[in-house]
Engineer: 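The structure under discussion is supplied below as structure tokens; questions concerning it will follow.
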Amino acid sequence: MNAQTRTIGSNAIDLDSLLELQLDALNTNADAPEKSGPPGYLNVDLEGAENSAIGSSSENDLPFLNLDPYILDDKGNLPSGELEKGAQGGISSQVDSSNAAGEQQLGFGVEMMDYTFRTSEGTLDIMALAEERATEIKSGFYNGQEVPVEYQSSLMHEFEGNFYDNQFRQVYIEMASEVGTTIQTETFDDDGNPILTAFGQEQMLEIYGEAFDYGIAEFEMIFEMVVDIQLNDFGQYEMTMSVLFEGEIAYLNGNDRVYHFEYEPPFPFRFSTLEEIEFGDLPQGFYDEIARFASGMGDAWDAVGTVSHHLEAVLQQLREDGHYQAWDDAGQGLDNPFDYNLPNFDPFA
């Protein structure tokens, strides 16, 4: 997919550069749960988490955040249809691995070009659809033995294409999403058990689109969330977090609307143990701003959601057709060697 530079307010956003920055930033953060499923998926015990999860709002969920075909929750009513290959159509997938001193990597990518997905709701014209997964383990030495000291996982999706509904209304969309987690254990207790020294999770979604048939010349939005936990010199865990939502809609009548919400507590939260870590709700203003953006989009926002559901169905179909078999044969990535129980960090859970 070609790199795109868009402007929201006064900030120029280069999509490829943003993805690179997100990946680089993961090296300073960290992930926790027991591995069960693909990279980037947090499988945590949420028992009693009603007072500890970061906010929630099913009404204001963002699209394209549930594309992982290995996660079947809330996918019982996906659209069904036929995939049709275009003149330049093709599907490719590949597993990549490396094993160097102190570092193991195992990743996977699948890419689809020039396909059409027809359902009872309309037609999805897939110009490009790509998924990339990555897992990595770094190791060090403790008492003469090589032990893991860092685990990373990430999951990324990109899409470019058009959707035509049954009223022949068209929406064009470019999308990039990514979630990544990192765990670091750079010290040990007296019994030789690893101690979590850093945890980080980052999530990003960027959408650009055109919806002339809905009265919109172009629209775009960005969502970013970062959670970082560090063990300080006094044996306490310090947690910082930030969330950003930006949007802009340019209407065909010449009017523009700009949306912005940003939240970052001025001081880190401190906890004596991992078990004490809790998360209060995100400010309601975050969800209100998403709702305002959705309202400004009107029926075009429903079309964007329909595209998201169609992509979920397409990726599910690719898995059922065997395009993920090489990843399954590779064990679906490197196993997370750590087992830390942390609260859920999903603001839409």
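Numbers here simply count residues along the sequence, with the first being 1.
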Engineer: Would a line drawn from the ring center of F271 to the ring center of Y237 be shorter than 6.0 Å?
Structural biologist: no
Engineer: Any side-chain heavy atom of I126 sitting closer than 4.5 Å to one from E160?
Structural biologist: no
Engineer: Got a sec, which residues hit side chain to side chain contact (heavy atoms under 4.5 Å, CB included) with N253, two or more places apart in sequence or on another chain?
Structural biologist: Y251, N255
Engineer: If you look only at pairs with a residue in residues 308-324, which of them pass as a side-chain hydrogen bond (donor to acceptor under 3.5 Å, both in side chains), with sequence neighbours excluded?
Structural biologist: T119-H310, E131-Y324, Q317-D321
Engineer: Between K75 and D68, is the closest basic N to carboxylate O distance under 4.0 Å?
Structural biologist: no
Engineer: For the residue pair P347 and M225, establish whether any side-chain heavy-atom pair is separated by less than 4.5 Å.
Structural biologist: yes
Engineer: Tell me whether the centres of the aromatic rings in F199 and F345 are closer together than 6.0 Å.
Structural biologist: yes
Engineer: Run the salt bridge (Lys or Arg N to Asp or Glu O under 4.0 Å) test against R169 and tell me which residues pass, sequence neighbours left out.
Structural biologist: D165, D299
Engineer: Taking atom CG of N99 as the centre, does the number of heavy atoms from other residues, nucleotides or ligands within less than 6.0 Å exceed 12?
Structural biologist: yes
Engineer: What class does the angle between the rings of F348 and F223 fall in, given that below 30° is parallel, 30 to 60° is tilted and above 60° is perpendicular?
Structural biologist: perpendicular
Engineer: Heavy atoms, side chains only, cut-off 4.5 Å: are L124 and R118 in contact?
Structural biologist: no
Engineer: For the aromatic rings, using the six-membered ring if either is Trp, is the centroid distance between F212 and Y172 under 6.0 Å?
Structural biologist: no
Engineer: How close do V171 and A303 get, heavy atom to heavy atom, and via which atoms?
Structural biologist: CG1-CB, 4.0 Å
Engineer: Please report whether the ring centroid of F293 lies less than 6.0 Å from that of Y259.
Structural biologist: yes
Engineer: Is there side-chain contact between M221 and I290, with at least one heavy-atom pair below 4.5 Å?
Structural biologist: no
Engineer: Quick one, Y142 and P194 - any side-chain contact, counting heavy atoms below 4.5 Å?
Structural biologist: no
Engineer: If only side-chain N and O atoms count, and only distance matters, is there a donor-acceptor pair under 3.5 Å linking Q201 with T181?
Structural biologist: no
Engineer: Check side chain to side chain contact (heavy atoms under 4.5 Å, CB included) between S272 and all other residues, then give those that pass, not counting sequence neighbours.
Structural biologist: E276
Engineer: Spell out, yes or no, whether L252 and M297 are grouped together once hydrophobic residues are joined by side-chain heavy atoms under 4.5 Å, including indirect joins.
Structural biologist: no
Engineer: Which pairs pass salt bridge (Lys or Arg N to Asp or Glu O under 4.0 Å) with one or both residues in residues 252-274, sequence neighbours excluded?
Structural biologist: E238-R270
Engineer: Who passes salt bridge (Lys or Arg N to Asp or Glu O under 4.0 Å) against E132, sequence neighbours left out?
Structural biologist: none
